[in-house]
Amino acid sequence: MASATESRHGMWSSKWLFVLAAAGSAVGLGNIWKFPYIAGQNGGGAFVILYLLCIAFIGVPIMMAEVLIGREGRQSPINTMRHLTKQHHRNPAWVLIGWSGVAAGFLILSYYVVIAGWALYYILQMGSGALHGATAEDAGRMFSDFLDHPLELIFWQTVFMAMTVYIVSRGVISGLETAVRWFMPLLFLLMFVLLGYAMTTEGWRQGVDFMFRFDLAKITPDAVLAAMGQAFFTLSLGMGAIMAYGAYVPSNTSIFTTVSIIAVLDTVVAVAAGLVIFPIVFTNGLEPAQGPGLMFVTVPLAFGQMPLGALFGTIFFILVSFAAITSAISISEPALAYLVEEYNAKRSRVAISLGVISWVLGLGTVFSFNYWADVGVGGQPTLFDFVSWTTDKVMLPLGGLFIALFAAFALPKTVVGAQLGIDGGLLGVIWKLVCGLVAPLAVLIVFISALVS
Ligand code: PHE
């Protein structure tokens, strides 16, 4: 049976739309909020280099694998895996990749929406000029006061969830097209404005140094695991988000080219965010390892000192919210597409149910920053840290490992060759080596070394 040429959920109208949509999925809080704070916690330099290596040698091949599997199956990840295992007489256990992706999606979405809600709150704060001329202490206090009010956090969590559900109900294609067409390029532009500002600060050198100075002593098994987890998270890999989007990719689009562009765009935004945030950290004597509040303290501080800061600051947080929403949409797509296929349900109904479930789960994250701030879970300082740890460092890499193995060994060579536009030969060997050996082995080694330590 030949593979389908269209998905029932719709198709990206061009190769560029796929690039924008997948970049919209990849670029989000992971780049602007998470990358700097994880880099800060892991001591900078060495972590950043490890992260870049993980993107190139683990992320890119696994992203290619996800797109090719998705496009071959043309359904939600669960049904794609069902269809492909049946068609090629493989063990049905491979379908677990789809299920674990859906589970990871719920967990990620639950906390993602809470943090995105913080960005919404900061749109108003920046717009009101409340941070004009603020000192580092003022900015820190504003943030911790905000965290102390769970009802406010819940309010913004709810607003963001409602927006996500609304867009998702309209269908990923029409819902996303406008958002990614306009906001992605604007976000890039504004990151560069901020970068220009960061270059003028006293802490610029120190910030750059912190990000790129390679200190061998800082390469611990934990840092390597953090770098790998971050690479998976930031590229939206290991849970089927990219596989789901891959199902809507036109047949004649080159997977290698598009995936490379997406990975580069994503990396540029993350590195730019680091180069914006760390100079501000050092200029103001802040703590690079302060954790999840890092972006919400440093960026408002910078805008507070800039001419037209209130305006730029407002725009910045609007763009961050958009980047977050285009990611949130993709996090829910694997579950959503599956339920629509399975029960022939209306997208809007399914979207609302999914939204409610992950909203409830998200309350755990809300309380991790106030009532339960001192309640450790599973060896992690808070429930939020535990959820983030489980998804980034366990579920996504494991999902990615099996996705790579499936693409390399379970799919027939002819299918993969046709999808990638290579017919055996040297390129085929390179593909097999990278996707079947280098990427899975790297994931395994990182896992084992972190376990042993
Ligand atoms: N890549 C997104 C970000 O960096 C988050 C994400 C994770 C999206 C997993 C989809 C799947 O913000």
Side-chain angles (χ1 to χ4, degrees), residues 20-39 51 54-55 58-60 62-63 66-67 70 76-77 97-98 100-119 160 164 167-168 172 176 179-180 183-184 187 191 226-246 259 262-274 292 295 319-337 354 358 387-400 403:
L20 279 176
S25 164
V27 174
L29 295 174
N31 307 60
I32 307 167
W33 161 74
K34 202 168 211 178
F35 170 74
Y37 100 71
I38 304 268
Y51 163 83
C54 289
I55 296 273
I58 303 178
V60 169
I62 292 183
M63 191 184 272
E66 281 207 31
V67 179
S76 65
I97 292 176
S100 102
V102 166
F106 270 106
L107 292 175
I108 294 175
L109 191 65
S110 78
Y111 78 76
Y112 205 84
V113 167
V114 175
I115 312 292
W118 300 357
F160 192 86
T164 307
I167 301 187
V168 156
V172 80
L176 263 180
V180 291
F183 292 96
M184 286 288 294
L187 179 69
M191 285 309 290
M228 181 174 78
Q230 177 61 21
F232 273 97
F233 184 84
T234 193
L235 291 178
S236 311
L237 296 178
M239 53 138 314
I242 296 295
M243 198 187 287
Y245 277 16
V259 164
I262 296 159
V264 169
L265 288 177
D266 186 76
T267 307
V268 168
V269 177
V271 170
M295 171 187 105
L319 294 175
V320 170
S321 307
F322 263 97
I325 216 159
T326 53
S327 302
I329 292 168
S330 73
I331 301 173
S332 50
E333 188 60 15
L336 210 103
L354 289 182
S358 48
V387 173
S388 164
W389 180 87
T390 316
T391 47
D392 300 9
K393 294 185 183 166
V394 183
M395 296 178 87
L396 301 185
L398 269 183
I403 288 169

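In listed order, ligands and their atoms are each counted from 1.
Closer than 4.0 angstrom to ligand 1 by heavy atom are Ser25, Ala26, Gly28, Leu29, Gly30, Asn31, Tyr112, Phe233, Thr234, Ser236, Met239, Ala241, Ser327, Ser330, Ile331, sorted by chain and number.
Put simply, the side chain of Ser25 never gets that close to the backbone of Ile331: no donor and acceptor are under 3.5 Å apart. In this structure, Asp266 contributes its side chain and Asn31 its backbone to no donor-acceptor pair below 3.5 Å. Panel note: side chain Thr234, backbone Gln230; no donor-acceptor pair is recorded below 3.5 Å. Put simply, the side chain of Tyr245 never gets that close to the backbone of Glu333: no donor and acceptor are under 3.5 Å apart.
Under the ring-ring contact (aromatic ring centres under 6.0 Å, His included) criterion, Phe35 pairs with Tyr51, not counting sequence neighbours.
Inter-residue side-chain proximity for Phe232 and Asp392 is flagged as unmet; no heavy-atom pair is nearer than 4.5 Å.
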